[in-house]
Amino acid sequence: MPELKKVNLTKAFAGLSETWSPRIGGDINDFQIKLVKLEGAFHWHHHDEEDELFLVVKGTLRMRLRKENGGDIVLGPGEYIIVPHGVEHCPTAEPTCEVLLLERNTTLNTGNVENERTIRQPARL
């Protein structure tokens with residue numbers, strides 16, 4: 001049987017120094033909980049097959065969306081958004097924030113775009 005443990009989000013985020021570098025906090029069937037510190041804007045992208053949940057723990061996140069998808073949505077601590085697969089989005093921290101992600105374990109952080117921020121194998125907490 002796997003070891004059961006509790007996770008303190010404040011301490012877990014305090015241990016993260018890099019921005020835009022998600023860390024796996026745990027696995028739930030075919031999904032993963034990831035923690036990430038964000039600073040400034042990411043880039044526009046979408047995921048062909050995976051939906052993503054962004055839960056803001058600290059700070060402010062502007063989820064930039066195209067007009068046809070309703071336009072930007074601003075989230076504060078305790079708020080979340082689910083971005084359906086296929087929807088182009090650009091997460092933007094104003095100026096920094098801490099976010100918990102819930103997504104399939106196959107989800108590439110940069111979606112359909114590969115660049116210097118692409119992380120194929122996120123580290124575990």
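Values below: every heavy atom of this structure, side chains too, minus hydrogens, waters and symmetry copies. Note that this is a predicted model, so its numbers are computed, not measured.
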Hey, does [Y] have a side-chain heavy atom less than 4.5 Å from the side chain of [X]?
X: Pro91; Y: Met63; value: yes
X: Leu65; Y: Ile73; value: yes
X: Thr96; Y: Leu38; value: no
X: Leu35; Y: Leu9; value: yes
X: Phe54; Y: Val83; value: yes
X: His85; Y: His46; value: no
X: Phe42; Y: Thr92; value: no

So which atom in [X] and which in [Y] form the shortest heavy-atom distance, rounded to 0.1 Å?
X: Gly76; Y: Val56; value: O-CB, 3.3 Å
X: Pro22; Y: Pro122; value: O-CB, 3.5 Å
X: Val7; Y: Ala12; value: CG1-CB, 4.2 Å

According to a 4.5 Å side-chain heavy-atom criterion applied to Ile, Leu, Val, Met, Phe, Trp and Tyr, with indirect links allowed, do [X] and [Y] form part of one hydrophobic cluster?
X: Leu100; Y: Ile81; answer: no
X: Val99; Y: Phe13; answer: no
X: Val87; Y: Leu75; answer: yes

Practice problem: Mind running side chain to side chain contact (heavy atoms under 4.5 Å, CB included) on Arg104 and Glu50 for me, showing each step along the way? | Solution: CA-CA 7 Å; Arg104 284 189 192 155; Glu50 300 98 352; 4.0 Å; yes
Atom pair [atom1] ([X]) and [atom2] ([Y]), whose distance is rounded to the nearest 0.5 Å:
X: Thr60; Y: Glu79; atom1: OG1; atom2: CD; value: 9.0 Å
X: Glu116; Y: Trp20; atom1: CD; atom2: CH2; value: 12.5 Å
X: Glu49; Y: Thr107; atom1: CD; atom2: OG1; value: 9.5 Å

Quiz item: What's the verdict on side chain to side chain contact (heavy atoms under 4.5 Å, CB included) for Leu102 and Leu55, showing C-alpha distance, side-chain angles and the deciding distance?
Solution: CA-CA 8 Å; Leu102 178 62; Leu55 169 64; over 6 Å; no
Presence of salt bridge, [Y] and [X], under 4.0 angstrom:
X: Arg124; Y: Asp27; result: yes
X: Glu94; Y: Arg62; result: yes
X: Glu114; Y: Arg120; result: yes

More than 12 heavy atoms of other residues, nucleotides or ligands under 6.0 Å from [atom1] of [X]: yes or no?
X: Glu68; atom1: CD; value: yes
X: Asn115; atom1: CG; value: yes
X: Tyr80; atom1: OH; value: no

Exercise. Verify, without hydrogens or angle tests, whether Asp48 (side chain) and Asn112 (backbone) share a donor-acceptor contact under 3.5 angstrom.
Key: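 Side chain of Asp48 to backbone of Asn112, a donor-acceptor pair under 3.5 Å: no, none is there.
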Quiz prompt | Whether Lys37 side chain and Cys97 backbone form a donor-acceptor pair below 3.5 Å | solution =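 Flag not set: sc Lys37 to bb Cys97 has no pair under 3.5 Å.
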Self-check item: Partner of Leu108 by side-chain contact (heavy atoms from CB on, under 4.5 Å), out of Ile119, Val113, Thr118
Solution: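 Only match with Leu108 under side-chain contact (heavy atoms from CB on, under 4.5 Å): Thr118.
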Self-check item: ring-ring contact (aromatic ring centres under 6.0 Å, His included) contacts touching residues 91-125 (sequence neighbours left out)
Solution: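 Applying ring-ring contact (aromatic ring centres under 6.0 Å, His included) to every pair that reaches into residues 91-125, excluding sequence neighbours, yields nothing.
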Quiz item: Among side-chain atoms of Asn105 and Gln32, is any donor-acceptor pair under 3.5 angstrom?
Solution: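 No, because no side-chain N or O of Asn105 sits under 3.5 Å from a partner of the opposite role on Gln32.
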Quiz item: Between the side chains of His89 and Glu52, does any donor sit under 3.5 Å from an acceptor?
Solution: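 Yes, because at least one side-chain N or O of His89 sits under 3.5 Å from a partner of the opposite role on Glu52.
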Quiz prompt | Any pair counted as side-chain hydrogen bond (donor to acceptor under 3.5 Å, both in side chains), so long as it reaches residues 6-18, sequence neighbours left out | solution =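 Counting only pairs at least two positions apart or across chains, the side-chain hydrogen bond (donor to acceptor under 3.5 Å, both in side chains) contacts touching residues 6-18 are Glu18-Arg23.
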Practice problem: Run the numbers on Ile28 and Ile33 for side chain to side chain contact (heavy atoms under 4.5 Å, CB included), then give the verdict. | Solution: CA-CA 8 Å; Ile28 303 172; Ile33 292 175; 3.8 Å; yes
Quiz prompt | Residue list, ring-ring contact (aromatic ring centres under 6.0 Å, His included) with His43, at least two apart or on another chain | solution =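 Result, ring-ring contact (aromatic ring centres under 6.0 Å, His included) vs His43: His45.
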Self-check item: Evaluation steps, side chain to side chain contact (heavy atoms under 4.5 Å, CB included), between Ile24 and Leu125
Solution: CA-CA 6 Å; Ile24 299 169; Leu125 289 177; over 6 Å; no
